[in-house]
Undergrad: 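One structure is given below, represented as structure tokens, and several questions about it will come after.
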Amino acid sequence: MGHPERRPAALLAVRHGESTANAAFAVAEASGATEVPISCRDADIPLTPLGHRQAAALAGRLAALPPERRPQSIWCSPYDRARQTAQPVAAALGGLPVRIDERLRDRELGVLEMLTSAAILARHPDEAARRRRLGELYYRPPGGESWADVALRLRSVLADLAEREGGRRVLLVCHDVVVLMLRQVLEGLDEAALLAVHAAEGPVRNASLSEWLLPPGPPHRTRFNDTAHLTP
């Protein structure tokens, strides 16, 4: 991601706290339901009360770091749930400005947006079969994105970070697939290695913290999908 002397000193990435859609989908998937009570745009989905508490806990963890390890810049997805996660973090870090960047938005699912697994099988069986055949890295739903598409826009973000945030510790507040594909890009994972990470870790957890140090040479991951700051 650019010349070593110009890139950030470290990248920290967090997934937003629990959203109303996360909570609704957990209930729907457990029951096999085909509908979720979400009528707004994906971009407008807010945090739940639990999600706000998770964001506050994350803010406390980052503020408690030694000064030399705290984020110095915050870049954030434009989606409401990410903004609501970033706000207490920015306040806890002394009022850091939050830079909104649309390239950090969630993966776009096109015709599959807001559909449960049962609904996809019932309404789009051909797409379900194509998804199984192609695999998550390359499957692009009609009107949506593949994981590889998300990686492409992340490469653009990383190039801008190298230009604008050289030597600084940067926090990215974003979404589960974005954090996963950040690991793929930074660590140069091939498809098999990426899928192995996903199988071992499961989805990137709400309000989890991941971090890479960026010295000269390959990035060094210090933590991934870490939720030690959250109360069980």
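Just so it is clear, the structure is predicted and the values come from calculations on it, not from any experiment.
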Undergrad: Is it true that R103 and S156 share a donor-acceptor pair across their side chains at a distance under 3.5 Å?
TA: yes
Undergrad: Going only through I, L, V, M, F, W and Y residues with side-chain contacts under 4.5 Å, is there a path from L161 to L154?
TA: yes
Undergrad: Would you call E145 and R107 a salt bridge, taking side-chain N to carboxylate O under 4.0 Å as the test?
TA: no
Undergrad: Should side-chain heavy atoms under 4.5 Å link Ile, Leu, Val, Met, Phe, Trp and Tyr, which residues sit in the same cluster as I45?
TA: F25, V36, I38, M114
Undergrad: Find out whether L137 and M181 are in side-chain contact, i.e. whether some heavy atom of one side chain is under 4.5 Å from a heavy atom of the other.
TA: yes
Undergrad: When you measure from the side chain of T48 to the backbone of G51, do you find a donor-acceptor pair of N or O atoms at a distance under 3.5 Å?
TA: yes
Undergrad: Got a second to check how far E211's CD is from L11's CG, nearest 0.5 Å?
TA: 9.5 Å
Undergrad: Under the side chain to side chain donor-acceptor pair (under 3.5 Å) test, which residues partner R83, sequence neighbours left out?
TA: none
Undergrad: Should E187 and R221 count as an ion pair when the cut-off is N to O under 4.0 Å?
TA: yes
Undergrad: Tell me the closest heavy-atom pair linking T34 and A118, and the distance in Å.
TA: CG2-CB, 3.9 Å
Undergrad: I'd like to know if the side chain of D42 reaches the main chain of E113, judged simply by a donor and an acceptor atom lying under 3.5 Å from each other, with no hydrogens or angles considered.
TA: no
Undergrad: Do P8 and R168 have side-chain heavy atoms sitting under 4.5 Å apart?
TA: no
Undergrad: Ring pair (Phe, Tyr, Trp, His ring centres under 6.0 Å): which pairs involve residues 191-215, sequence neighbours left out?
TA: W147-H198
Undergrad: Would you say F224 ends up clustered with V170 if hydrophobic residues are merged whenever their side chains have heavy atoms under 4.5 Å apart, either directly or through other cluster members?
TA: yes
Undergrad: How long is the gap from NE2 on H175 to CZ on R81, to the nearest 0.5 Å?
TA: 5.0 Å
Undergrad: Keeping Q184 on the side-chain end and L189 on the backbone end, is there a donor-acceptor pair under 3.5 Å?
TA: yes
Undergrad: Any link between I74 and Y79 through a network of hydrophobic side chains (Ile, Leu, Val, Met, Phe, Trp, Tyr) touching at under 4.5 Å?
TA: no
Undergrad: Are D160 and R155 ion-paired here, with the side-chain N under 4.0 Å from a carboxylate O?
TA: no
Undergrad: Which Ile, Leu, Val, Met, Phe, Trp or Tyr residues join L109 in one cluster when any pair of side-chain heavy atoms under 4.5 Å counts as a link?
TA: V111, L112, L115, I120, L134, Y139
Undergrad: State whether a side-chain donor-acceptor pair under 3.5 Å links S208 with D226.
TA: no
Undergrad: Output, in order, the C-alpha distance, side-chain angles, deciding distance and verdict of side chain to side chain contact (heavy atoms under 4.5 Å, CB included) for N22 and R15.
TA: CA-CA 12 Å; N22 295 150; R15 184 189 180 191; 3.2 Å; yes
Undergrad: In Å and rounded to the nearest 0.5 Å, what is the CG to CZ distance from L96 to R70?
TA: 10.5 Å
Undergrad: Salt bridge or not for R123 and E35, using N-O below 4.0 Å?
TA: yes
Undergrad: Through direct or indirect side-chain contacts below 4.5 angstrom among Ile, Leu, Val, Met, Phe, Trp and Tyr, which residues connect to L47?
TA: none
Undergrad: Honestly curious: do I100 and W75 fall in one hydrophobic cluster under the side-chain, below-4.5 Å linking rule?
TA: no
Undergrad: Do L213 and P219 come close enough that some side-chain heavy atom pair is under 4.5 Å?
TA: no
Undergrad: Do L171 and V89 have side chains that get closer than 4.5 Å, going by heavy atoms?
TA: yes
Undergrad: Atom CZ of R153 and atom CG of D101: how far apart are they, to the nearest 0.5 Å?
TA: 10.0 Å
Undergrad: Are any non-hydrogen side-chain atoms of P46 and Q84 less than 4.5 angstrom apart?
TA: yes
Undergrad: Calculate, to the nearest 0.5 Å, the distance between atoms OG1 and CG belonging to T85 and N206 respectively.
TA: 8.5 Å
Undergrad: Could you please spell out the steps behind the side chain to side chain contact (heavy atoms under 4.5 Å, CB included) verdict for L62 and L65?
TA: CA-CA 5 Å; L62 294 174; L65 292 172; 3.9 Å; yes
Undergrad: Yes or no on salt bridge (Lys or Arg N to Asp or Glu O under 4.0 Å) for R41 and D80, after CA distance, side-chain angles and deciding distance?
TA: CA-CA 10 Å; R41 298 186 309 164; D80 281 357; over 6 Å; no
Undergrad: Could you grab the distance from atom CG of L214 to atom NE2 of H220, nearest 0.5 Å is fine?
TA: 11.0 Å
Undergrad: Does one hydrophobic cluster hold both V157 and V177, with members joined at side-chain heavy-atom distances below 4.5 Å?
TA: yes
Undergrad: Is there a side-chain contact between Y138 and E191 (heavy atoms, below 4.5 Å)?
TA: yes
Undergrad: Does one side chain, of T116 or E29, offer a donor that lies under 3.5 Å from an acceptor on the other?
TA: no
Undergrad: Taking the side chain as everything from C-beta on, heavy atoms only, tell me whether Q87 gets closer than 4.5 Å to V98.
TA: no
Undergrad: Between R131 and E136, is the closest basic N to carboxylate O distance under 4.0 Å?
TA: yes
Undergrad: Taking all heavy atoms of A59 and all of P88, pick out the closest pair and write down the distance.
TA: CB-O, 3.5 Å
Undergrad: Using atom types as modelled and distance alone, determine if a side-chain donor or acceptor of R205 lies under 3.5 Å from a backbone N or O of N225.
TA: yes
Undergrad: Taking side chain to side chain donor-acceptor pair (under 3.5 Å) as the test, write out the residues that go with R130, two or more places apart.
TA: E127
Undergrad: Can you confirm whether R183 sits close enough to V197 that some side-chain heavy atom of one is under 4.5 Å from a side-chain heavy atom of the other?
TA: yes
Undergrad: Do R105 and S77 pair up side chain to side chain, a donor and an acceptor below 3.5 Å, judged on atom types alone?
TA: no
